[in-house]
Amino acid sequence: MAPPEDGAVLEPTVSMQRSRWATRKLTVKSSGLKRLSLLGRKHNRNASGEKKRTSGGSESLRQPTGGQLDGPQSDANSVTSDDHGAAPRQVYFNIPLPDDLKDEEGHPKTFYPRNKIRTAKYTPLSFIPKNLWFQFHNVANIFFLFVVILVIFPIFGGVNPGLNAVPLIFIVTVTAIKDAIEDYRRTILDNELNNAPVHRLVGWDNVNVEDDNVSLWRRFKKANSRFFGAIWRSIQSLWKKKDKSATDGDSDRANPRASIETTSTPWESAVSPRSQRMSFVSAQEEIQMTPVPSPLPLQPNQMKLPSDAQRGGGHALSFEMNEATALQNLKGDLVNHEVPVTGKAKFHKDTWKSLVVGDFVRIYNDDELPADIIILATSDPDGSCYVETKNLDGETNLKVRSALRCGRSLKHARDCERAQFMIDSEPPQPNLYKYNGAIKWEQQVPWDPHGEPRNMSEPVTIDNMLLRGCNLRNTEWALGVVVFTGHDTKIMMNAGITPSKRARIARELNFNVICNFGILLVMCLIASIANGVAWGKTDASLYWFGYGSIGGTPGLTGFITFWAAVIVFQNLVPISLYISLEIVRTLQAYFIYSDIGMYYESIDAPCIPKSWNISDDVGQIEYIFSDKTGTLTQNVMEFKKATVNGQPYGEAFTEAQAGMNKRMGGAVAEQDTENIRAEIAAAKVKTLQGLRDLHDNPYLHDEDLTFVAPDFVEDLAGKHGAEQQRANEHFMLALALCHTVITEKQPGDPPKIIFKAQSPDEAALVSTARDMGFTVLGMSNDGINVNVMGQDRHYPVLNTIEFNSTRKRMSAIVRMPDGRIVLFCKGADSIIYSRLKRGEQPQLRKETAEHLEMFAVEGLRTLCIAERELTEEEYREWRKEHDLAATALENREEKLEEVADKIEQDLTLLGGTAIEDRLQDGVPDTIELLSDAGIKLWVLTGDKVETAINIGFSCNLLNNDMDLIRLQVVEDEGGVITEEEYLRLAEESLDQGLAKFNMTGSDEELKKARSDHEPPAATHGLVIDGFTLRWVLSEALKQKFLLLCKQCKAVLCCRVSPAQKAAVVTLVKNGLDVMTMSIGDGANDVAMIQEADVGVGIAGVEGRQAVMSSDYAIGQFRFLQRLVLVHGRWSYRRLAETISNFFYKNMIWTWAIFWFQAFCNFDISYIFEYTYILMFNLFFTSVPVILMGVLDQDVSDTVSLAVPQLYRCGIERLEWTQTKFWAYMVDGIYQSVVTFFIPFVFVTLTASAAGNGLDVAERLRLGCYIAHPAVLTINFYILINTYRWDWVFLLVIALSDVFIFFWTGVYTASTYAAGFYQAAPQIYQELTFWMCFIVTPTICLLPRIVIKCIQKQRFPYDVDIIREEVKLGRYSDKGPTDTTATAEGLEGSLSTASESSTKKGKHATYASVDEDRRPIYPPSVATHNTRNQNGSDGTDYTMHNRNSLEVQREDEGYRPRQSIDRTRPSFDRIRASMDRVRPSLEASNDFTSAARLSRIESTHSSHGTGNQRRFNLNTVRRRGMSAFSKKSVDQQ
Amino acid sequence: MAPRRRRGADQDAAGQDDAIDADALANAPKNRPPNTAFRQQRMRAWQCVLTPKLIVTIFSILAAIYLGFGAYLTYLAHTVRDFSFDYTDCQKQAPQDGGPDNFKAVPDGLISAHFSVPEGSTLDPNKAFWRVEKRPFEFGNESLNIDVCLVRFNIPEDLKPTVSFFYYLENFYQNHRRYVNSFNAKQLLGDAVDGATINGSTCDPLAHDPLGSGKIVFPCGIVANSMFNDTFSSPVWLNVAVSPNNARRADDNSNRTYTMKDTGITWPGNKDLYGQTKYNNDQIVPPPNWRDRYPNGYNDKNPAPNLQTWEAFQNWMMLAASPNFYKLYQRNDVDVMDRGTYQVDIALNFDTTLYNGRKSFVITTLSTMGSRNIWPGIIFLIVGGICLLLDIYFILSFFLWKPRKLGDPSYLSWNQPSAPGANTQTHAPGGL
């Protein structure tokens, strides 16, 4: 691949040629069109702007994360808006800015956002005001502040202003500290990122921005942060003595990195791992090479900006036609060699934050991209570089990006100085897959060396861009210019602002708080009026003895009383509630953190709650949106099975199969599963042994072997004849030759070879070839070195036609050692089958198709391998065509594809492979469990449709009985279809889908859907891709889409962008008014994680973005079941109960005071001693209610997981309802009546309630009589509302009750208590007190207890029944009841209640055990022969030759195949299980894959590329599926 | 990739294996949460499941307790004998100046008495007589004629000590916001709190002399000022009304005073809050309402009262919660109050008619529950009764009428026959 293919070199060389195109999501043609249209954009900008305005429509589709991403407007032709931020930008390099971009003083007009990104909310300076400002947005806080102010004025009867302010100060401080900690973490991360190093060209004038353009405010801020930073550091240095060496790093940074120019040693870490790659070497040489001076005579540069008329599409007119063509073929070069070099410009290490638009940067291998950059040159001579976009779209494979052709001559800093060009860029927009721009420069043409330099331009697309957040991989360096910085970058435009989430209950609480405000208002009004009237009377004691009212006039007095009442009754709007809820949620978070059941050992990660205040939301989740890669799957591809020459090989037991087995077999299946696992372990031993016997491959590492196939090894050894041996060898060789992986040798003994590939599948294939003895050692510049069974061989590769998503195949043309030219092709089964040579190998193809179908059912990803032998003639001819296409400037990619299509024909089938996209442990179980709980799981993935469907099957989201609705609007590649047409198409398919459910998408249906929380029946699944999603998410269609999705058991959205993910979440969240959760692991999930009510990040090994923006970080997907079903449910129930009880307890207390007002003319005096009022919410009652919110469990975690249905209660939000709130409020008022009047009757209706006749009817002593039973009542109430009484709880209840006695005793022992002095001994000696003390709580609680008793017995809740069952011991032993069918398989048993800790989950041993870790049994324990009862013909060990039945074909290409019958445990097992599922599947051949594939073969017209493209797996599978469902209907 | 995964599986397997050996624990990763009962929320606990048996047991116990106590409290209330007489309108309705024997029967409704009147007793507790006379009272150098209400009433039973004498005010609010704070604790304790301090204190609006002398009011504040100052004599046993069947005293012709003391009428601890004031008499003035008692203010002859020993004042300062309140005035802890006719003389200093208030005096015996109050007993009996009824209902309902099988999964909402997917309502708490 060394020489650049787009050079003028046309003669075929021996060197390998790669048809490489950048990995993109765009279809080829449309991008080409876009590019052309961009060139002419200037002219019709206005027109298109208007057009856009009229198009409207989706504009109203609000997408919180950044406007109309992906909407039609984001097309290049339209200018989204006229404001500054969205305006298209022109960036100039080494050209002075034109006047219209400058203001009067010559400063650039446009300001670009800084590349410094602050996700933190506060700076040290702004923290206090801003935080307070936010905090006092809370209505309750304002109220409390107001009350605090009121208390300051003694006229209102406030007792102690200082003390009164304490709770408010406390809550504000605690919240502030929490915010500060949270924000501090964010700031640290921001700083880390902003100060990350990047190599930026300095000593060079960037005309686009002004250096001194730092506002005063920013300087002030900077000074401030320095100041606070200095303080912080000095404080830190006080704490720990750090050695001074730490600061040396700074001086390092100050030292500019030597430019490449000056030192020949390149960037150390950049030494490419691909030491075999020749291009690397040549790149190195080129770096040191001095630029070739222009062959033309120098001329003073007169670069001037092309006028509008000359620009874009118009420029062609100014030239003669032939010159235009010549110009097109001219190799563009940005470097104007005439410009003198100052030599000052150097690439220096600088921080990310100092990058500005228009900077040159050099990115080194593995560096993260600091901004959106247009690549001008890379270390690769053909200008390509690899990039990992995991942070953007979640895909871990490498993607190719290529440098602009015109910039490839740039190598050095001095080149940059001389490069004069201008980039015309579209405004920043969030679509990750599109970019349109153009680079323009002037160049001398060779045929007119003395003439005017010609205006040149080249389109810039997403292929030429490196986006912020990506990582450069396998490329030594890339040089580019910054076009978007900071918040203009695509990743930032896709990211939302870090939202501060508030729990739903917290939001709903506002309503209740307002209700309480209402009640408070009423109480205060009553008090105020009654008091005013009382003071108005002249015949009352206060008139005679009161010495005048407080206000002077009765009216004013009443008014003052109103505010006094506000102070006294302020507890109705309980500030303590807010404090307590903070505490409860924090402790809940602490226990979530503590759960060992969610601790992921391998990365030492417990579940980390990042948001402490939304644990209750986790208990109401109805929809979970999951990412696929890294979340459901491990993103590990393992080669599991293969079919070669009609023989299926490979033993595997996938998660999907295990699930299927379990569903069908129950307890029997469990044993079965164990057996199978043991067998596989044995087979692995056997395989390894066989391989070692065959050839002691140093590259084979026992633990890495995934392809467990002893029979394959046997056949490889020739046990079943040379025919099969040859076939197997050939197959493995094909795998070893047909790929684009990059090898990396890890030194060691034995050495290890690691493969890096664009897709992990490819790496898996090559790895398996390695394991089987066909080790790819590396690529030379003209071929591949393969170690075949210990023999090093070199295979010259003539051409590689790489994979892309439309082709779905890749080919390599190899010159075999015997001189033949063979094309190996691998690709999707339908693609390959459609390209097989017609009419050949019918038996083999049928069998292979059957095998592939089996593999697919197991949840494996299948690929077909085929070959074609080319004659020299054929090849040479094709090569010519190919080279022509490769050098075409127009439609190069389309042409290349066409050429590739020509050669990939008439293939001969070799076999198929099956790769397991390894699910994370326990994923199917978890999904099933969540589904039982009534939670709907949607998969939103950036991945391909096929992959997503495959995963859907393997994790039980989809099954064969489902009717799969495929929403698809095919993106038109010609750009002819209008938006309206797309919308119409989308609507049509939506309507079709809805018709299946007899729905129309009306508002009534939506209303009904909102109230219906029942999970849909497992009859339909829905698959949609990102492009279609764009249309169905439009304002007009989204309701229909939502309703349709609601009817489907499973929804898979594929190829969706981060913003679309968020949009889907928003749609469901707002559309159905439900609680949503998003789970993901990559930066592409950040938007949806932030958008959902609860965001969960998988703390993977790579990428922390998701985790950082999530609310909960967990290690594995399966922990979701504990997080949601156990902790979420608990938290929700606890919090609902806590809040209700809190309102209740403040009700009873405050209303008791209110009732007393009836006896004091509503003059607002306390019945309780003031310290009681202080203590009440602090010590007497708060701790139990908080503990209830932290410790209560209606059922234990085991039972929660065993009976996931209990979770539905949360989905339907039945634990916290307005009814419940009011019930508790009314109960509180009733109890306040009892609490006040019973003691009142006891004490005041008699001359003396004391046995000695002394006075206990004194106000505060009566208060004692009331307060003690009130506290007891409240604590008892909390106790009976708590399900689980452990000793901590009981102790706290007891202590709280005792505390009021204790406090009274202590406090009244001092004369400080004044009138209350010695009340305790006086009261406690009275019988009346104790009688009161027992009867009051009884009367208070009686209604509640009676209702509870009747409810539990007559109208039991689900949870009551379960609790009874628990009591009966049903969940404590292994014997599952019918409701516990799902109980097993939870590794939750690890941390279950003590009584059940002995229970071992069924899956406990395997769920997370890697195959390599499975116990290895000696082969004799489980032999293959033990299991042939499946009705297969495998019992026949004779070499039965099926060939004999076949008609011998005359075709030479057809080789008679030898069929080998043997035990094929894995294959037979699947076969058997499939038979069980669909007994008549084989009978109706119509829909078997064999029939399907042969149909493809027969209908395929060899040149109809358009047709065949449609034949992708999903359509095929859909057919198969609907067939299956039809089948099942037929059977009924 | 492979090695990483393997490591994960490795440790994961260890994590799954509940039994982690010592080695694993030793180098356990630092983030691993401890596997303790508390941290894992699986402490031993009692799950309270309300089974029918438990319910019935609870209610049986409750019924027994409350019926038992109810009976006892009712009995206690009935052991108390009391006599209460409302003398508010004495000045208006009682005959004045008609000579010492001009007693008139009091109108109905002013007396409330609870005695078990012996058979044939002529002492009708519901009949009483009264008259008003003016008597001179000496305060310092001055003498004042004050109306005295003489009340004759019958006590039909011997009252066992302790016999307590209360006064009872209705419609007098001792509990207003400003009122309850209107005193100065330090001043009461005897400290000579200076005027500046008093002025700014809670004593407002009665901190210093309203007449303008600038002197400090002692005791300051409106509580002290409003002190109830009717004075009651000890009841005098009248010979005249002795019934003939009271043989024991038939020969004794003289009136006998049943001496009641005004000490021990307040909580002993209260004297810790009061002291002999350290003010000089010329620093202070009495509150306005005390001027009759101290016509020339405080002076050596008529000095400021010693609050520490003045229990009636201390009682007054215990501010009643209710506008209708009793305060102990005097008591006799030793002697039996013989049945017979008694006379109590009341100096009428405190006019309650100004504010529609009423005043009474009460003579009562005490039980452990204090004076007579039938309501506790009734409340207990009602509660006990309700519990009993509920208990019966529960027994019938849970065991006889329609018993429900405990823990029967078929009751679960998702096991209901009404087809999955249909509107199966989750049985869950929506309300209480």
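Order of the sequence lines fixes the chain letters, A, B, ..., with proteins taken first and strands second; residue numbering starts at 1 for each chain.
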* Asked: Between A:Asp1358 and B:Ser413, do the side chains contain an N or O donor and an N or O acceptor separated by less than 3.5 Å?
  -> yes
* Contacting moiety of A:Ala564, where chain B heavy atoms sit under 4.5 Å -> side chain
* **Atom group of A:Ser767 that falls short of 4.5 Å from chain B, counting heavy atoms** => neither
* Is A:Asp604 reaching over with its side chain to a backbone N or O of B:Asn31, donor-acceptor style, under 3.5 angstrom? -> yes
* Identify whether the distance between the nearest side-chain nitrogen and carboxylate oxygen of B:Lys327 and A:Asp1255 falls below 4.0 Å. => yes
* **Atom group of B:Leu354 that falls short of 4.5 Å from chain A, counting heavy atoms** => both
* Asked: Any luck finding a side-chain donor-acceptor pair between A:Tyr1317 and B:Asp272 under 3.5 Å?
  -> yes
* Asked: If you count the non-hydrogen atoms of other residues, nucleotides and ligands that lie under 6.0 Å from OH in B:Tyr72, is the total more than 12?
  -> no
* **Note, A:Val1335 side chain near B:Val383 side chain (heavy atom, < 4.5 Å)** => yes
* In terms of heavy-atom pairs under 4.5 Å with chain A, which of B:Ile55, B:Leu328, B:Ile382 leads? -> B:Ile55
* B:Asn181: what forms a side chain to side chain contact (heavy atoms under 4.5 Å, CB included) with it, not counting sequence neighbours? -> B:Thr202
* With sequence neighbours excluded, residues passing ring pair (Phe, Tyr, Trp, His ring centres under 6.0 Å) with B:Tyr179 -> none
* Structure fact -> Heavy-atom nearest pair, A:Arg1354 first then B:Ser397, reads NH2-O, 2.8 Å
* Asked: Would you say the side chain of A:Ile596 lies within less than 4.5 Å of the side chain of B:Arg32, judging by non-hydrogen atoms?
  -> yes
* Considering all heavy atoms, the nearest B:Pro409-A:Arg1370 contact -> CD-NH1, 3.7 Å
* Tell me, side chain or backbone of A:Tyr1166 under 4.5 Å from chain B's heavy atoms, or both, or neither? -> neither
* Contacting moiety of B:Thr266, where chain A heavy atoms sit under 4.5 Å -> backbone
* Expected output: side-chain B:Asn373 to main-chain A:Leu1245 donor-acceptor under 3.5 Å -> no
* Asked: Taking B:Gly269, B:Cys48, B:Pro34 one by one, which has the highest count of heavy-atom pairs under 4.5 Å against chain A?
  -> B:Cys48
* Okay, side chain of A:Gln1193, backbone of B:Gln41: is any donor-acceptor separation there less than 3.5 Å? -> yes
* Between B:Asp408 and chain A, which part of the residue has a heavy atom less than 4.5 Å away: side chain, backbone, both or neither? -> backbone
* Asked: Rounded to the nearest 0.5 Å, how far does CD1 of A:Ile1334 lie from CD1 of B:Ile65?
  -> 6.5 Å
* To do: Identify which of A:Met598, A:Gln1318, A:Gln1353 forms the greatest number of heavy-atom pairs closer than 4.5 Å to chain B.
  => A:Gln1353
* **CZ-CH2 distance between A:Arg1208 and B:Trp414, expressed to the nearest 0.5 angstrom** => 7.5 Å
* Heavy atoms, side chains only, cut-off 4.5 Å: are A:Cys1160 and B:Gln174 in contact? -> no
* **Check: B:Met318 and A:Arg1261 side chains under 4.5 Å, non-hydrogen atoms** => yes
* **Heavy-atom pairs under 4.5 Å with chain A, option from B:Ala77, B:Ser84, B:Ala320 with the top count** => B:Ala320
* For each of A:Ile1164, A:Leu1262, A:Leu1368, tally heavy-atom pairs with chain B at distances under 4.5 Å, and name the one with the top tally. => A:Ile1164
* With a 3.5 Å cut-off and no angle check, do the side chains of A:Thr1246 and B:Ser371 form a donor-acceptor pair? -> yes
* Can you tell which part of A:Trp1222 gets under 4.5 Å to a heavy atom of chain B, answering side chain, backbone, both or neither? => neither
* To do: Please name the pair of heavy atoms, one in B:Leu366 and one in A:Asn1252, separated by the smallest distance, quoted to 0.1 Å.
  => CD1-C, 3.4 Å
* Count the heavy atoms of every other residue, nucleotide or ligand shown that sit under 6.0 Å from CH2 of B:Trp375, and state whether that count exceeds 12. => no
* Give, as side chain, backbone, both or neither, the part of A:Ile1339 having an atom under 4.5 angstrom from any heavy atom of chain B. => side chain
* Look up atom OG1 in A:Thr538 and atom CG in B:Asn356, then write down how far apart they are to the nearest 0.5 Å. => 9.0 Å
* Asked: Where on B:Tyr167 is there a heavy atom nearer than 4.5 Å to chain A: the side chain, the backbone, both, or neither?
  -> neither
* To do: Check the pair B:Phe38, A:Phe591 against ring-ring contact (aromatic ring centres under 6.0 Å, His included), reporting the backbone distance first and the verdict last.
  => CA-CA 9 Å; B:Phe38 177 71; A:Phe591 277 111; 5.3 Å; yes
* Quick one: do the B:Tyr66 and A:Thr1338 side chains pair a donor with an acceptor below 3.5 Å? -> yes
* Structure fact -> Okay, A:Ile1361 and chain B: the region with an atom under 4.5 Å from a heavy atom over there is both
* **Heavy-atom side-chain proximity of A:Glu1365 to B:Leu412 below 4.5 angstrom** => yes
* Which of parallel (below 30°), tilted (30 to 60°) and perpendicular (above 60°) describes B:Phe380 and A:Phe1242? -> tilted
* Asked: Measuring from A:Lys1352:NZ to B:Arg404:CZ, what's the distance to the nearest 0.5 Å?
  -> 10.0 Å
* Measure distances from B:Leu54 to the heavy atoms of chain A and classify the residue's part below 4.5 Å as side chain, backbone, both or neither. => neither
* Region of B:Arg372 that comes under 4.5 Å of a non-hydrogen atom in chain A -> backbone
* To do: Identify the two heavy atoms, one from A:Ser594 and one from B:Gln40, that lie closest to each other, and give their separation to 0.1 Å.
  => O-NE2, 2.8 Å
* Heavy-atom side-chain contact between A:Val1346 and B:Phe59 under 4.5 Å -> yes
* Structure fact -> Minimal heavy-atom distance between A:Leu1254 and B:Gly264, with the atoms involved, is CD2-O, 3.6 Å
* To do: Step by step, work out the side-chain contact (heavy atoms from CB on, under 4.5 Å) result for B:Gln47 and A:Arg1363.
  => CA-CA 8 Å; B:Gln47 296 263 355; A:Arg1363 283 166 56 80; 2.5 Å; yes
* **Which atom of B:Cys387 lies closest to which atom of A:Leu1342, heavy atoms considered** => SG-CD1, 4.1 Å
* A:Asp1163 backbone acceptor or donor facing B:Arg177 side chain under 3.5 Å -> yes
* Asked: Does any heavy atom of chain A fall under 4.5 Å from the side chain of B:Leu169, the backbone, both, or neither of them?
  -> neither
* To do: Tell me, for B:Leu406 versus chain A, whether the close heavy atoms (under 4.5 Å) come from the side chain, the backbone, both or neither.
  => both
* For the candidates A:Thr1328, A:Thr1244, A:Asn1161, A:Val1243, which exhibits the highest count of non-hydrogen atom pairs separated by less than 4.5 Å from chain B? -> A:Asn1161
* To do: Under 4.5 Å heavy-atom distance to chain A, tell me which part of B:Leu73 shows up: side chain, backbone, both or neither.
  => side chain
* Does the side chain of A:Met1331 come within less than 4.5 Å of B:Phe69's, by heavy atoms? -> yes
* Indicate yes or no: at least one non-hydrogen side-chain atom of A:Ser1248 is less than 4.5 angstrom from one of B:Phe166. => yes
* To do: With a 4.5 angstrom heavy-atom cut-off, could you sort out which part of B:Asn171 is near chain A: side chain, backbone, both or neither?
  => backbone
* Verify side-chain contact (heavy atoms from CB on, under 4.5 Å) between B:Leu50 and A:Ile1345, making sure each step is shown before the conclusion. => CA-CA 10 Å; B:Leu50 282 174; A:Ile1345 292 175; 6.0 Å; no
